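Note sheet for the following structure.
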Amino acid sequence: MKIGIAVLLSCLVVCIRGLESQSHIKISNNGYQLLVVAVHDSVPDDPALLQKLKGVITKASKVLYTATRKRAYFRKVFFLLPNSWANKPEYKPSTSVSISGADIIFSAPRATRRSFSYTRSYAGCGQPGFHVQLLTDVLSNSHPLAQSTPEKYLVHEFATLRYGVFQEYPSPGENEFYFSTTFGRLDPVRCTVGLRGIIKNAQGFCLFTSIDPDTGEFPPGCAYIPYPYRAAGTASMMDHQYVREIQDFCDDDHTQGHYSHNVEPPNRHNRLCSHRSTWDVISNTPDFQGNANPPTTLSDSQLAPQFIIFRAPSRRRRRLAVILDSPKEFHKRLRLHQAVDHFLGDGFDDDTKVAIIHDDVTNGRGTRMRGRRSATVKSSLQNLHDSVDPSALPSRIRAGIEVLKKKNSTKEGMEFHLILISCNNQTVLEEGNIQKMVDFGITPHFYNCEENRMKNIEETIKQQGGLVEIKSHRSIFSALQRLSEKLHGDEKNLSVQLVNENLELAGEGTHQTYLPVDESLHGELVVRLHYTTAPPSVSVIAPNGSACGYTATNHKLRYIKISSFVTENEHGKWSVAITNKTPYHESIHLLVVLKSQSTEDEVPIRTNAWVKVFHEHSPPRVGVYAEVMYGGHPVVNANVSAHVYHRERKVASLALRDTGGGFDIMKHDGIYSNSFTEMDAHGIHYVEVTVKDSLNNLEIHKTYEIPIPTEQDKGEPGHVPMPDYHTERVRLKHGLRRSTSTGQFHIDQRWDLVGNPDPYPPARVIDLQIDGVDRKERRVTLSWTAPGSNLDTGTASSYEIRYQTNGTALVHEPTAAWLVTDDMIVGTSGGPRGAGQTEHVTVQFPPSLKWVAVMLRAVDENNNKGEFSNMMTTFFEL
């Protein structure tokens, strides 16, 4: 049986190095399998730590089983140890398991990483995150997040990772108290009122009588500290989970004596999840929805996970069989060979061996492994005039498998990859060849520039860890850059792509671009100019005015390569000038990369991008995301643009924002987001992302946890406050330039592109705040990040503001609450403002109110209404 490979691989969800999760975790019969727990190479070799991790995860499996009401536990766990740890016979060699695909990562504090524990998430309520990053000190009994129960803290973070629920205690910098309309007083931010504790500062206990009636706040320094035991109730695992009695997630059970979810506190979970309980969110995720994985009774021994330990190789020996099914058009074939030359020549170390297969394999050419820069490899790529017979492709695929089989070895770090690049609509893959690749540990990868798709065996390819790129020929360099990033995983010296542009130069025309080379870059700067007919003139000028160094020209593959080593004195604004020396039009591709030479404490700023389609909405919603990170630290205030393509046509350009509103769930976390709503055609789409910033207002936010000693009060149990954090803001001096791309996504018939001209309402506001209160005049100033008319794009037409004296009633029935009328608005910021900007509105409430709860939603020009925002409360009289 034969299956069309161009169609077979196209629907695969592509894994991207960095944020787009490469996790393979799945649940079956209540047990989570393929959970990868990695130890970062910053952690010194410590067999005792490994044993402790096993013990913590074993206990966490039981905690998870109880918290999910007997629905889930950890069945099979993979450990990945760094190659800096001594090898042992029981450790398996790892090539397919990498830290970039880990679900939980344990690390030591490091200058280039955030020095606190957190879960990296981006998609919001009910959506999985990327990974849990934990410092090894959370395993200590004295750490305030764990407090002798690291297994409960692990489940707390796993719930954010897997289920998309969030902490129910205050985030750093947020108020620890809110006004409760239920009690008519300030109350600590917590999930249930059954979580008991004390309120105190350095001077002693803080009484409710000490609240300032003007500011509505406790005296300075007052904090809420839960008791380590004595809680009334068993929830919530997302709120001070270390308390002894806590074992459940908050739910909506209002049975007398049961402490249910408190909808009022302005914690992160309520803000992002529309004030739903954590259990309501969790029980409606795919793991449990529709009675999937129903409750089952298991013994402690059955809940104990199976552990399999891998160790990262000391060196990676890659063997690549590159099969070229080149396009018939010469200019497309030329670009393909230019891109592969760059991919092999500049993207791998000398341990990599390559076989190029692109013509009749019966003549024996290209069917042996060679050095990536060997004369044979270069000759194969320079052979642009061979007649390519698409019908011979199956035999070339078989030849690629055979050459990889010959080199199959048990040496440490051996990897085998079959890379098929096809631009002819006739490629086929024999089903038996898929099984051969599985049997011999060969990972397939596929790039198709004809943009076809089929779903039938994509899961088989996905399980082998393969990458699929379905893009037009104009994006071949982007596709191979993503493949290079995937194959290199978390290797420190992976090249950084600064520019990837297709240029059209008129006869005797000149293109000049200014290139900021920022201070995080150290290594060899490479400028490659790929032309089609005649070589242009090119000059590269360093910030000190000197011309860039070494130049090489490949006339057969038609490119010019200029390289120069960047020292600290050469950070700043470089310029690249390209002149077409002929009177004819010329298509040119400009690629600028830096071959990084980073150290443990100095890494380059990197950019990664991805797309997520939210199919739970109708029509589905498309979020576009990019991260800009210095190691684990976010780069904020960047100018990030996304350009959406359908085939070779640009459909839309979007400004991605890190403002903490709409699709961007957290401000200044280094993840820039927006929604794509301008669909005008069905089929494959992809996104190219650029970071262009020369205004020097960029900052790296380096955040560190401030250690807090345990307090011990006489006659009372230990009271341990939550940890605090310090953020160091480091300004970039020379601007920033980066380029990257996403995998493909498909616009199918679920999008009605004709019948509904305005299918998207404004996005939900997730950051409604109270900026000020005039208690005497009963005036409240509200602020929030403006959504658009279509999710996060455009400008909303108006806002509907609702208020109540009972916060719970407002959450459950907002449209039944009072409406803020125009005559109650006594001040605005001149809105509605464009998406991503900050709105300000001052409302004068009726004099009869002692307190108020407020929510709002945006409305577009066609009266499409968004979801109601998070709720805020305040008081006028105590």
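These figures come from a predicted structure and were not determined experimentally.
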key: Donor-acceptor under 3.5 Å (His275 side chain, Val263 main chain)   = yes
key: CA sep, side-chain torsions, deciding dist, call: Phe79, Phe307, ring-ring contact (aromatic ring centres under 6.0 Å, His included)   = CA-CA 7 Å; Phe79 276 112; Phe307 295 107; 5.5 Å; yes
query = Is there a donor-acceptor pair under 3.5 Å between the side chain of Arg190 and the backbone N or O of Leu195?
reply = yes
inquiry  = Please tell me whether Gln33 and Ser28 have a donor and an acceptor in their side chains that are separated by less than 3.5 angstrom.
reply    = no
ask   = Checking Asn806 side chain against Thr808 main chain: does a donor-acceptor pair fall under 3.5 Å?
value = yes
request  = Mind running side-chain hydrogen bond (donor to acceptor under 3.5 Å, both in side chains) on Asp771 and Thr781 for me, showing each step along the way?
outcome  = CA-CA 5 Å; Asp771 281 356; Thr781 298; over 6 Å; no
ask   = At what distance, to the nearest 0.5 angstrom, does OG1 of Thr785 lie from CD of Glu839?
value = 9.5 Å
request  = Over all heavy atoms of both residues, which pair between Glu168 and Ser236 is shortest? Give the atoms and the distance, please.
outcome  = OE1-OG, 2.7 Å
query = Within the side chain of Ser675, is there an N or O that forms a donor-acceptor pair under 3.5 Å with the backbone of Asp792?
reply = yes
query = Do the rings of Phe663 and Tyr625 sit parallel, tilted or perpendicular, given the 30° and 60° boundaries?
reply = tilted
inquiry  = What I want to check is whether the side chains of Asp664 and Thr659 have a donor and an acceptor closer together than 3.5 Å.
reply    = no
Over-ring placement of Arg185 relative to Phe183, 6.0 Å and 45° cut-offs = yes
inquiry  = As an exercise, state the distance from OG1 of Thr874 to OH of Tyr178, rounded to the nearest 0.5 Å.
reply    = 13.5 Å
request  = For residues Gly660 and Asp767, report the shortest heavy-atom separation together with the two atoms involved.
outcome  = O-OD2, 3.6 Å
query = Atom OG1 of Thr842 and atom CZ of Arg779: how far apart are they, to the nearest 0.5 Å?
reply = 8.0 Å
ask   = Between Tyr73 and Tyr65, what is the ring plane arrangement, given parallel below 30°, perpendicular above 60°, and tilted in between?
value = perpendicular
key: Check: Ser299 main-chain N/O paired with Gln302 side-chain donor or acceptor under 3.5 Å   = yes
request  = Taking the six-membered ring of Phe78 (Phe, Tyr or Trp), confirm whether the NZ or CZ of Lys76 is under 6.0 Å from its centre and within 45° of its axis.
outcome  = no
ask   = Do the ring planes of Tyr163 and Tyr32 sit parallel (below 30°), tilted (30 to 60°) or perpendicular (above 60°)?
value = tilted
query = Any side-chain heavy atom of Phe875 sitting closer than 4.5 Å to one from Lys850?
reply = no
query = Do Arg268 and Met666 come within less than 4.5 Å of each other through their side chains, counting heavy atoms only?
reply = yes
key: Heavy-atom pair of closest approach, residues Leu135 and Ser117   = N-OG, 3.0 Å
ask   = Taking C-beta and beyond as the side chain, do Pro762 and Tyr799 meet within less than 4.5 Å on heavy atoms?
value = no
query = Any donor-acceptor pair under 3.5 Å linking the side chain of Ser171 with the backbone of Glu174?
reply = no
query = Could you give the distance from OG1 (Thr821) to CD1 (Ile801), rounded to the nearest 0.5 Å?
reply = 10.0 Å
message = Checking Thr66 against Gln247 for the side-chain hydrogen bond (donor to acceptor under 3.5 Å, both in side chains) test, could you report, in this order, the C-alpha distance in whole Å, the side-chain angles of both residues, the deciding distance, and whether it holds?
response = CA-CA 7 Å; Thr66 300; Gln247 61 180 12; 5.4 Å; no
request  = Applying side-chain contact (heavy atoms from CB on, under 4.5 Å), run through Met238 and Cys250 and close with a yes or a no.
outcome  = CA-CA 8 Å; Met238 302 310 294; Cys250 264; over 6 Å; no
note = Residue set satisfying side chain to side chain donor-acceptor pair (under 3.5 Å) with Asn293, at least two apart, ordered chain then number -> none
Option among Asn870, Val841, Ile766 that satisfies the side-chain contact (heavy atoms from CB on, under 4.5 Å) test with Trp784 = Val841
request  = Evaluate side-chain contact (heavy atoms from CB on, under 4.5 Å) for Val281 paired with His269, printing each intermediate quantity in order.
outcome  = CA-CA 10 Å; Val281 175; His269 179 78; 4.1 Å; yes
ask   = Does some side-chain heavy atom of Glu800 sit less than 4.5 Å from a side-chain heavy atom of Leu819?
value = yes
inquiry  = Looking at every non-hydrogen atom in both residues, tell me the closest pair between Gly807 and Met871 and how far apart they are.
reply    = O-SD, 3.4 Å
key: Plane angle bin for His617 and Phe614 - parallel if under 30°, tilted between 30 and 60°, otherwise perpendicular   = perpendicular
key: Atom pair CD (Glu877) and CG (Leu849), whose distance is rounded to the nearest 0.5 Å   = 10.0 Å
request  = Give a yes or no on whether the backbone of Cys206 and the side-chain of Ser210 come within a donor-acceptor separation of less than 3.5 Å.
outcome  = no
inquiry  = Side chains of Glu627 and Tyr122 only: does a donor on one sit below 3.5 Å from an acceptor on the other?
reply    = no
Intermediate values then yes/no, side-chain contact (heavy atoms from CB on, under 4.5 Å), Met237 and Val63 = CA-CA 10 Å; Met237 288 298 296; Val63 171; 3.7 Å; yes
request  = For the pair Thr255 and Asp253, evaluate side-chain hydrogen bond (donor to acceptor under 3.5 Å, both in side chains) and give the outcome as yes or no after the intermediate values.
outcome  = CA-CA 6 Å; Thr255 304; Asp253 182 358; 2.5 Å; yes
message = I'd like to know whether Glu813 forms a salt bridge (charged side-chain N to carboxylate O under 4.0 Å, His left out) with Arg802, so could you lay out the CA-CA distance, the side-chain angles of the two residues, the decisive distance to 0.1 Å, and finally the verdict.
response = CA-CA 10 Å; Glu813 291 187 275; Arg802 297 279 180 169; over 6 Å; no
ask   = If every non-hydrogen atom of Ala817 is compared with every non-hydrogen atom of Tyr803, which pair is closest and at what distance?
value = CB-O, 3.2 Å
ask   = Closest approach of Pro787 and Ala858, non-hydrogen atoms and distance?
value = CG-CB, 3.7 Å
task = Please work out which of the three classes, parallel, tilted or perpendicular, describes the rings of Phe208 and Phe218, given edges at 30° and 60°.
result = tilted
request  = Taking the side chain as every heavy atom from C-beta outward, state whether Asp300 and Lys62 have any pair of such atoms under 4.5 Å apart.
outcome  = yes
query = Side chains of Lys26 and Leu34: closer than 4.5 Å at any heavy-atom pair?
reply = yes
key: Heavy-atom side-chain contact between Asp239 and Thr278 under 4.5 Å   = no
query = Do the side chain of Arg75 and the main chain of Asn29 share a donor and acceptor less than 3.5 angstrom apart?
reply = yes
inquiry  = Let's go through Ser121 and Thr119 carefully: what are the C-alpha distance in whole Å and the side-chain angles of both, what is the deciding distance for side-chain hydrogen bond (donor to acceptor under 3.5 Å, both in side chains) to 0.1 Å, and is it a yes or a no?
reply    = CA-CA 6 Å; Ser121 184; Thr119 296; over 6 Å; no
ask   = When you measure from the side chain of Arg764 to the backbone N and O of Arg857, does any donor-acceptor pair fall under 3.5 Å?
value = no
ask   = Considering only heavy atoms from C-beta outward, does the side chain of Arg71 approach that of Asp287 to under 4.5 Å?
value = no
request  = Would you sort out whether Ser260 and Asp252 count as a side-chain contact (heavy atoms from CB on, under 4.5 Å), showing the intermediate values?
outcome  = CA-CA 5 Å; Ser260 60; Asp252 299 303; 5.7 Å; no
query = How many angstroms lie between atom CD of Gln167 and atom SG of Cys191, to the nearest 0.5 angstrom?
reply = 13.0 Å
